[in-house]
Amino acid sequence: MKKLLGLMMVLVVLFIPAFAQESMNEKHPTDADKVAVFDTSGKIVRGDAIGNSKKVSLKNVLKNPEKYSGKTVRVSGYVVRSCKMEGCWAEIGDSKEAKATVRVKMKDHSFFIPLKSAGYRILTEGVFSLKTLSKKEVDHLIEEDGAKFENINKDGTVSEVSFLASGIELSK
């Protein structure tokens with residue numbers, strides 16, 4: 001019994017720092033992240049600087065997503081909808097009222113966009129992929145964040161074109 005108790009104490013001492021470190025590294029939006037503050041050039045810049053990767057149109061990506069999957073590209077459009085809780089995702093389209101959109105998530109959840117970003121122009125750089133969202137993810141996005149999905153599968157999952165952004169520039 002003493003050996004078991006000793007072993008448990010050693011495990012606790014070893015694992016508490018790991019759990020504490022993990023929770024310390026988790027990024028959460030600040031109040032400043034959640035509001036729109038434009039710089040002197042009229043932009044909101046979040047994440048890494050936008051580079052010189054190939055610029056592609058959303059229309060072409062939605063026609064043939066496999067062609068762009070896994071490649072770093074730049075894309076521009078309008079924010080149609082965004083996360084209302086943290087600013088951790090946006091749906092972007094060719095116009096402010098676009099029905100065909102692409103979900104943009106922030107790389108490593110390391111930056112956020114203002115909660116009221118709908119209607120802003122967006123330039124973003126990152127990687128497209130084809131993803132299947134679990135029923136749990138779909139329910140979360142709909143119930144808590146106002147996401148819209150046109151083609152929900154019978155099992156509650158959704159297959160979608162997704163974009164993992166390394167950097168974003170928003171403008172009015």
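Just the heavy atoms: all of them, side chains too, but no hydrogens, waters or symmetry mates, feed the values below. Positions are given from 1, in the same order as the sequence printed here.
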Legend entry - Separation of I168 CD1 from F111 CZ (nearest 0.5 Å): 4.5 Å

Inset, instruction - First locate atom OG of S69, then atom NZ of K131, and finally report the distance between them rounded to the nearest 0.5 Å. - result: 11.5 Å

Legend entry - N151, CG atom: more than 12 neighbouring heavy atoms under 6.0 Å: no

Legend entry - Those residues that, when tested against E91, pass salt bridge (charged side-chain N to carboxylate O under 4.0 Å, His left out) (two or more places apart): R81, R103

Inset, instruction - Find out if a path of hydrophobic residues (ILVMFWY) with successive side-chain heavy-atom gaps under 4.5 Å connects L130 to V158. - result: no

Legend entry - Those residues that, when tested against D39, pass side chain to side chain donor-acceptor pair (under 3.5 Å) (two or more places apart): S41

Inset, instruction - Consider only side-chain heavy atoms of I, L, V, M, F, W and Y, link residues closer than 4.5 Å, and tell whether V102 and V73 are in one cluster. - result: yes

Legend entry - Smallest separation among heavy atoms of Y78 and G119, with atom names: CD2-O, 3.8 Å

Legend entry - Joint hydrophobic cluster, Y68 plus L58, side-chain heavy atoms closer than 4.5 Å: yes

Inset, instruction - Check the pair F128 / V56 against side-chain contact (heavy atoms from CB on, under 4.5 Å), numbers first and verdict last. - result: CA-CA 11 Å; F128 280 103; V56 300; 4.2 Å; yes

Legend entry - Pairs satisfying side-chain hydrogen bond (donor to acceptor under 3.5 Å, both in side chains), at least one member in residues 163-172, at least two apart: K43-E169

Legend entry - Test item: L141 and V138 side chains (from C-beta on) under 4.5 Å apart, heavy atoms: no

Legend entry - Results of side-chain contact (heavy atoms from CB on, under 4.5 Å) for S110 - residues two or more places apart only: D108

Inset, instruction - Report whether I50 and V104 are members of the same hydrophobic cluster (ILVMFWY, side-chain heavy atoms less than 4.5 Å apart, transitive linking). - result: no

Legend entry - Nearest heavy-atom neighbours spanning H28 and F112: C-CE1, 3.7 Å

Inset, instruction - Could you tell me the separation between the CD1 atom of I113 and the SG atom of C83, rounded to the nearest 0.5 Å? - result: 8.0 Å

Legend entry - Residues that K107 engages under salt bridge (charged side-chain N to carboxylate O under 4.0 Å, His left out), provided they are two or more places apart: none

Legend entry - Test side-chain contact (heavy atoms from CB on, under 4.5 Å) applied to K55 - qualifying residues, sequence neighbours left out: R74, S76, L123

Inset, instruction - Rounded to the nearest 0.5 Å, what's the gap from OG1 on T132 to CD on E137? Could you check? - result: 9.5 Å

Legend entry - Pairwise distance SG(C88) to CG(D33) - rounded to 0.5 angstrom: 11.5 Å

Legend entry - Which residues share a side-chain contact (heavy atoms from CB on, under 4.5 Å) with V79, sequence neighbours left out: S82, A90, I92, S117, I122, L170

Inset, instruction - Could you state whether I142 and L133 fall into the same hydrophobic cluster, counting links through intermediate Ile, Leu, Val, Met, Phe, Trp or Tyr residues with side-chain heavy atoms under 4.5 angstrom apart? - result: yes

Inset, instruction - Give the minimum heavy-atom separation between E125 and G51, together with the two atoms involved. - result: OE1-N, 2.7 Å

Legend entry - Separation between CD1 of I152 and CD of E160, rounded to the nearest 0.5 Å: 11.0 Å

Legend entry - Residues forming a side chain to side chain donor-acceptor pair (under 3.5 Å) with T157, sequence neighbours excluded: N153, D155

Inset, instruction - Hydrophobic side-chain clustering at under 4.5 Å (ILVMFWY, transitive links): who's grouped with V80? Put none if nobody. - result: none

Legend entry - Min side-chain heavy-atom separation K54-K71 under 4.5 Å: no

Inset, instruction - Over all heavy atoms of both residues, which pair between A147 and F149 is shortest? Give the atoms and the distance, please. - result: CB-CE1, 3.9 Å

Legend entry - Heavy-atom check, side chain of F163 versus side chain of V61, under 4.5 Å: no

Legend entry - Qualifying residues under side chain to side chain donor-acceptor pair (under 3.5 Å), relative to T40, sequence neighbours excluded: none

Inset, instruction - Grab the two heavy atoms, one from S57 and one from V75, that are nearest each other, plus how far apart they are. - result: C-CG2, 4.4 Å

Legend entry - Counterpart residues, side chain to side chain donor-acceptor pair (under 3.5 Å), relative to D48 (two or more places apart): none

Legend entry - Partner set under side-chain contact (heavy atoms from CB on, under 4.5 Å) for K34, not counting sequence neighbours: P29, L115

